[in-house]
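These notes are about the structure you will find just below.
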Amino acid sequence: MDIREIQAGQRYHLIGDIENGFKDGKPFVCHEEVTRVIKRITDTHIICECDRKFLINRNLQITER
């Protein structure tokens, strides 16, 4: 699914890299898989209702739920 097709307020299944705090002064990135409602979309992140911030990169996979 293309990022431009995603609508805030809708539920999607996301697999990809998220920013999960900081380690040694740098953002700590880990890989997660969740089904959540999208709260907001920025140029660099997709932010879920639970405040997970998925990075928009080549590892991101999105499907409708």
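Along the sequence shown, residues carry numbers from 1. All values below come from the heavy atoms of this structure, side chains included, with hydrogens, waters and symmetry mates left out.
R40 is linked by a side-chain contact (heavy atoms from CB on, under 4.5 Å) to T42, I47, counting only residues two or more places apart in sequence or in another chain. Residues forming a side chain to side chain donor-acceptor pair (under 3.5 Å) with T35 (at least two apart in sequence, or on another chain): H13. Annotation: side-chain contact (heavy atoms from CB on, under 4.5 Å) contacts of E64 (sequence neighbours excluded): M1, Y12. Here R58 pairs with nothing under the side chain to side chain donor-acceptor pair (under 3.5 Å) rule; sequence neighbours left out.
In this structure, CG on N20 lies 13.5 Å from NE2 on H31, to the nearest 0.5 angstrom. To the nearest 0.5 Å, atoms CG (N57) and OG1 (T44) are separated by 10.5 Å. The NZ atom of K39 sits 3.5 Å away from the CG atom of D51 when rounded to the nearest 0.5 Å.
Residue pairs meeting the salt bridge (charged side-chain N to carboxylate O under 4.0 Å, His left out) criterion with at least one partner in residues 13-36, sequence neighbours excluded, are E32-R52.
Between C48 and L14, the shortest heavy-atom distance links the atoms SG-CD1, 4.1 Å. Residue I56 comes nearest to D43 through the heavy atom pair CD1-O, 4.0 Å, listed as atom of the first residue, atom of the second, then distance.
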side-chain contact (heavy atoms from CB on, under 4.5 Å) assessment of I15 paired with L60: CA-CA 6 Å; I15 302 170; L60 183 62; over 6 Å; no
CA sep, side-chain torsions, deciding dist, call: I62, F54, side-chain contact (heavy atoms from CB on, under 4.5 Å): CA-CA 11 Å; I62 304 169; F54 278 86; over 6 Å; no
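No continuous path of ILVMFWY side-chain contacts below 4.5 Å connects V37 to V34, so the two sit in separate hydrophobic clusters.
Residue V29 shares its hydrophobic cluster (ILVMFWY side chains chained together at separations under 4.5 Å) with L55.
Judged by distance alone, with hydrogens and angles left aside, the side-chain atoms of E5 form a donor-acceptor pair with the main-chain N or O of D2 at under 3.5 Å.
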